[in-house]
Trainee: 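Could you have a look at this structure, given as structure tokens, before my questions?
To find a chain, count down the sequence lines: A is the first, B the second, and so on, and within it residues start at 1.
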2 protein chains.
Amino acid sequence: MRRETYNEFRRLCQEHSLAATHQRQKIYEALVSRPGHYSPEEIYEQVKQDLPSISLATVYKNLKTFVHAGMLREVSPHHGSWRIDANHHPHHHLVCTRCRSITDLDFDSLGPVKLRGKLPSGFRLEKFTIEVQGICKACTAAETKQH
Amino acid sequence: MRRETYNEFRRLCQEHSLAATHQRQKIYEALVSRPGHYSPEEIYEQVKQDLPSISLATVYKNLKTFVHAGMLREVSPHHGSWRIDANHHPHHHLVCTRCRSITDLDFDSLGPVKLRGKLPSGFRLEKFTIEVQGICKACTAAETKQH
DNA sequence: TATCAGATGATAATCATTATCACAAGATTC
DNA sequence: GAATCTTGTGATAATGATTATCATCTGATA
Ligand SMILES: [Mn+2]
Ligand SMILES: [Mn+2]
Ligand SMILES: [Zn+2]
Ligand SMILES: [Zn+2]
């Protein structure tokens with residue numbers, strides 16, 4: 001691990017009161033040392049090269065921990081089971097980052113997306129999908145009640 | 001099922017050479033008769049009220065069939081396993097609808113999204129996420145080779 | 001109505017994720 | 001550095017989601 005990455009890792013662990021174990025080091029490194037959007041399984045395979053005895057469960061647990069701490073992000077705010085949409089009208093989605101509920105948002109609520117630069121060569125554009133992330137009414141209410 | 005929905009359903013089945021079974025009717029109806037973004041399990045529960053002997057596998061198979069035929073959409077173009085992103089810079093994603101690969105797209109490649117209308121009351125906005133759907137270079141190449 | 005490709009239901013198999021718990025290893029204090 | 005405490009880890013079982021298999025049935029067509 002590059003010294004820079006290592007220091008960053010130690011700092012983050014301290015900041016979030018996490019023990020700086022070597023498993024966590026390797027998991028963190030596997031993610032930040034190369035671009036990509038890896039699955040837990042992929043991280044596991046990568047880390048196993050250095051730590052053959054690591055458990056897949058450890059990878060899952062620490063990815064959760066890191067995401068929760070804000071050290072890493074999940075690609076999709078509504079990952080989970082497969083969801084089907086019967087609404088054919090062009091529209092966007094409101095996604096609650098707390099309860100992961102999804103609601104339609106009228107197409108005209110947002111202005112159009114404009115392509116400024118070039119897309120990577122060879123990519124054949126089909127359409128833009130916009131998701132508005134936030135906290136839904138119900139979750140906000142539930143949160144307020146707590147205080 | 002409303003006559004209108006029923007006719008639409010028959011037409012779509014014919015158009016895509018699908019047998020218009022009553023299982024398919026009910027599955028289709030469960031989706032188009034009410035707004036929402038349902039999981040296969042939820043559709044199954046709904047349809048079972050009318051067809052108690054329907055199998056969950058049938059629901060899955062037909063949802064796939066409908067999506068493949070373009071009669072319905074999947075909410076997420078990259079549903080599948082959990083994906084982690086270590087890239088902290090604001091950026092978007094290119095998602096291949098064929099192989100579901102995900103690549104970063106520079107923030108400045110797209111113009112900003114502007115809020116035109118109002119969001120539903122109570123929704124606390126956090127951020128906009130844009131996914132550019134299309135066919136990636138590799139998939140386009142693979143497709144071309146076939147002809 | 002007879003025929004048959006395609007659809008269904010039951011269920012096993014697979015894949016993804018989480019829970020459990022005994023043991024090990026960081027962090028902290030001396 | 002050793003003792004202690006707390007948290008993390010590895011093994012693995014359990015759960016949940018999705019897909020595969022296959023015998024049987026049914027819608028479409030003539
Ligand atoms: Mn929708
Ligand atoms: Mn990214
Ligand atoms: Zn919510
Ligand atoms: Zn692709």
Trainee: Looking across every strand, which nucleic acid part, if any, lies under 4.0 Å from B/A57 by heavy atom: base, sugar-phosphate, or nothing?
Mentor: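 Result for B/A57 = base.
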Trainee: Decide if the gap between the ring center of B/H78 and the ring center of B/H93 is smaller than 6.0 angstrom.
Mentor: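 No, the ring centres sit 6.0 Å or more apart.
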Trainee: Please say yes or no: joined through hydrophobic side-chain contacts below 4.5 Å, possibly via intermediate residues, are A/Y38 and B/L94 part of one cluster?
Mentor: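 No, separate clusters.
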Trainee: Once you apply a heavy-atom cut-off of 4.0 Å, does A/S53 come out as touching a base, just sugar-phosphate, or nothing?
Mentor: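 The answer is sugar-phosphate, as A/S53 gets under 4.0 Å only of primed atoms, P, OP1 or OP2.
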Trainee: Just the rounded figure in Å: distance from P of D/dT19 to CD of B/E41.
Mentor: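 To the nearest whole Å, that distance equals 14 Å.
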Trainee: If the threshold is 4.0 Å, N to carboxylate O, is there a salt bridge linking A/R73 and B/D85?
Mentor: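 No, this pair does not count.
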Trainee: Reading DNA chain D from 5' onward, which residue's closest nucleotide shows up sooner: A/L56 or B/L56?
Mentor: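 It is A/L56 whose nearest nucleotide is closer to the 5' end.
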Trainee: Taking atom CZ as the centre, does A/R34 end up with more than 12 heavy-atom neighbours from other residues, nucleotides or ligands that are less than 6.0 angstrom away?
Mentor: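 Count over threshold, so yes.
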Trainee: Measure the angle between the two terminal helix axes of the helix from C/dT1-D/dA30 to C/dC30-D/dG1, five base pairs each, and quote it to 10°.
Mentor: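 Here the local axes at opposite ends form an angle of 40°.
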Trainee: Under 4.0 Å between a side-chain N/O of B/Y60 and OP1 or OP2 of D/dT18, yes or no?
Mentor: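 Yes.
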Trainee: State the CD1-CD distance between A/I102 and A/E131, to the nearest 0.5 angstrom.
Mentor: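 That separation rounds to 7.0 Å.
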Trainee: Can you check whether A/Q23 has a side-chain N or O nearer than 4.0 Å to OP1 or OP2 of C/dG26?
Mentor: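 Answer is no, no contact under 4.0 Å.
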Trainee: With a 4.5 Å cut-off on side-chain heavy-atom distances among I, L, V, M, F, W and Y, is there a chain of contacts connecting A/Y6 to A/L12?
Mentor: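 Looking at the clustering, A/L12 is in a separate group from A/Y6.
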Trainee: Do A/V113 and A/L115 belong to the same hydrophobic cluster, where Ile, Leu, Val, Met, Phe, Trp and Tyr are linked whenever their side-chain heavy atoms lie under 4.5 Å apart, directly or via other members?
Mentor: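 Cluster IDs for A/V113 and A/L115 match.
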Trainee: Does a side-chain N or O of B/H22 approach OP1 or OP2 of D/dG27 to a distance below 4.0 Å, or not?
Mentor: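 Indeed, a polar side-chain atom of B/H22 lies that close.
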Trainee: Specify the separation, in whole Å, of atom OH of A/Y28 and atom P of D/dG8.
Mentor: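 The answer, rounded to whole Å, is 17 Å.
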Trainee: Using atom CD1 of B/I54 as one end and atom P of D/dC25 as the other, report the distance to the nearest whole Å.
Mentor: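 Between P of D/dC25 and CD1 of B/I54: 17 Å.
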Trainee: Name every residue in residues 61-82 of chain B that has at least one heavy atom under 4.0 Å from any atom of DNA chain D, in order of residue number, or write none if there are no such residues.
Mentor: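 Residues of residues 61-82 of chain B that come under 4.0 Å of DNA chain D are, in numerical order, B/K61, B/K64, B/H79.
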Trainee: Does the pair B/R100/B/E74 count as a salt bridge with the N-to-O cut at 4.0 Å?
Mentor: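 Between B/E74 and B/R100 there is a salt bridge, with a charged N closer than 4.0 Å to a carboxylate O.
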Trainee: Check whether any side-chain heavy atom of A/L105 lies under 4.5 Å from a side-chain heavy atom of A/H91, and answer yes or no.
Mentor: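 Answer no - side chains too far apart.
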Trainee: Please classify the nucleic acid contact of A/T58 as base, sugar-phosphate, or nothing, using heavy-atom distances under 4.0 Å.
Mentor: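 Base, at least one base heavy atom under 4.0 Å.
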Trainee: What is the distance from CD1 of A/I43 to C1' of C/dT17, rounded to the nearest Å?
Mentor: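 So the CD1-C1' distance, A/I43 to C/dT17, works out to 16 Å.
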Trainee: Between D/dT9 and A/T21, is there an OP1 or OP2 to side-chain N/O distance shorter than 4.0 Å?
Mentor: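 A/T21 to D/dT9 OP1/OP2: side-chain N or O found under 4.0 Å.
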Trainee: Expressed as a whole number of angstroms, how long is the span from B/Q25:CD to C/dA7:C1'?
Mentor: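 My rounded result for the distance is 14 Å.
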Trainee: Is there a side-chain contact between B/V132 and A/L125, using heavy atoms and a 4.5 Å cut-off?
Mentor: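 Yes. Closest side-chain heavy atoms under 4.5 Å.
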Trainee: Give the rounded distance in Å between these two atoms: CZ of A/R24 and C1' of D/dT6.
Mentor: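 About 12 Å, once rounded to whole Å.
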Trainee: Measure from OH on A/Y44 to P on D/dT9 and round the result to the nearest Å.
Mentor: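 Distance check: A/Y44 OH to D/dT9 P gives 14 Å.
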Trainee: Return the nearest nucleotide to the side chain of B/S55; candidates are D/dG27, C/dA27, C/dA10.
Mentor: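 Taking heavy atoms from C-beta onward, the closest nucleotide is C/dA10.
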